[in-house]
Amino acid sequence: CTNSNIRSLPVTASVAAPLAAYVGTDQIICAGSSTSLDGFVIGGTSPYTYSWSPATDLNNANIINPVANPTVTTNYTLTITDDENNQSSAVLMLTVNALPTITISPNITICKGLVGYLIAGGGTDYEWAPAASLDQDLGSDVIASPEITTTYTVTGSDGTCNNLAS
């Protein structure tokens, strides 16, 4: 016996790709600096919730790309939960480099019409200011010949981080 009133209806089923959390590559910052943590998600079912830990030194631990300002090297874990309560985590290491200790020696008084020699230390590259009364503005050793009382500042770098001395 056949029933000609039975109809088949197409059924479409979609399956979300597995949930995966990503954080990009590890990062390096200088002490006192901040950076955005670059999280992203693939797969799963939206909406998503985000949780970074530790939450210390983050502007918001519950967004995908918070700003971090840690004082020490920190491993941040991003945990993403999708609408079906699936979870995925990823870890990013944020390395905090110390600032170089830049020095100027000697601390001298230069009489008008004379010159003084200033030497910077603690870094590998230096830039002096103000440059107007110096023989050069780049380098560790400069010759100063100011016409008025002048305080010189040098920005020194260790190749990664910069710091000032005056």
Side-chain angles (χ1 to χ4, degrees), residues 19-44 48-81 87-166:
L19 177 66
Y22 294 93
V23 291
T25 59
D26 293 342
Q27 298 181 39
I28 299 172
I29 63 171
C30 299
S33 298
S34 61
T35 189
S36 175
L37 302 182
D38 299 323
F40 61 99
V41 61
I42 295 177
Y48 306 102
T49 58
Y50 311 102
S51 177
W52 288 89
S53 67
T56 306
D57 301 318
L58 297 179
N59 69 326
N60 184 338
N62 298 309
I63 60 175
I64 190 72
N65 294 320
V67 175
N69 185 18
T71 56
V72 296
T73 296
T74 305
N75 286 317
Y76 288 101
T77 301
L78 169 62
T79 300
I80 299 175
T81 305
Q87 287 190 334
S88 180
S89 297
V91 178
L92 175 136
M93 180 167 47
L94 183 54
T95 302
V96 179
N97 285 346
L99 298 178
T101 302
I102 304 301
T103 59
I104 299 175
S105 62
N107 185 2
I108 57 174
T109 300
I110 304 168
C111 296
K112 188 174 181 175
L114 299 177
V115 299
Y117 298 91
L118 302 174
I119 302 169
T124 56
D125 298 299
Y126 304 93
E127 183 173 359
W128 294 83
S133 59
L134 297 174
D135 67 323
Q136 62 180 346
D137 65 341
L138 300 176
S140 62
D141 303 354
V142 296
I143 300 172
S145 53
E147 293 295 317
I148 59 171
T149 300
T150 304
T151 299
Y152 294 99
T153 301
V154 63
T155 301
S157 171
D158 62 5
T160 303
C161 299
N162 299 328
N163 206 357
L164 297 173
S166 58

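For clarity, every value in this text was computed on a predicted model and none was experimentally measured.
- Proximity of Asn162 to Cys30: side-chain heavy atoms (C-beta onward) are nowhere separated by under 4.5 Å.
- Between Val115 and Asp135 the shortest side-chain heavy-atom distance does not fall below 4.5 Å.
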| field | CA sep, side-chain torsions, deciding dist, call: Ile29, Leu94, side-chain contact (heavy atoms from CB on, under 4.5 Å) | value | CA-CA 7 Å; Ile29 63 171; Leu94 183 54; 4.0 Å; yes
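- Atom-to-atom distance recorded for Leu99:CG and Ser157:OG is 10.5 Å, nearest 0.5 angstrom.
- Every pair tested for side chain to side chain donor-acceptor pair (under 3.5 Å) that includes a residue from residues 98-121 fails, sequence neighbours excluded, so the list is empty.
- Proximity of Asp57 to Thr74: side-chain heavy atoms (C-beta onward) are nowhere separated by under 4.5 Å.
- Scanning all heavy atoms of the two residues, the minimum distance from Val142 to Gly139 falls at CG1-O, 4.4 Å.
- Atom CG of Asn62 and atom CH2 of Trp52 lie 11.5 Å apart (nearest 0.5 Å).
- The nearest pair of heavy atoms linking Ala144 to Leu118 is CB-CD1, 4.2 Å.
- With contacts defined as side-chain heavy-atom distances shorter than 4.5 Å, the pair Asp158/Asn163 does not qualify.
- You'll find the side chain of Tyr50 stays beyond 4.5 Å of the side chain of Ile63, heavy atoms only.
- Summarising the geometry of Thr160 relative to Ile28, their closest heavy-atom pair is CG2-CG2, 4.4 Å, with the distance given to 0.1 Å.
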| message | Please evaluate residues Ser133 and Ser145 with respect to the criterion side chain to side chain donor-acceptor pair (under 3.5 Å), reporting the C-alpha separation (whole Å), side-chain torsions for both, the decisive distance (0.1 Å), and the verdict. | response | CA-CA 5 Å; Ser133 59; Ser145 53; 5.7 Å; no
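- In this structure, Thr153 OG1 and Glu127 CD are separated by 11.0 Å, a value rounded to the nearest 0.5 Å.
- Here the side chains of Thr95 and Asp26 are not in contact, with every heavy-atom distance at 4.5 Å or above.
- Under the 4.5 Å side-chain criterion, counting only non-hydrogen atoms from C-beta, Val72 is not in contact with Val96.
- Counting only heavy atoms from C-beta outward, the side chains of Pro70 and Tyr76 approach each other to under 4.5 Å.
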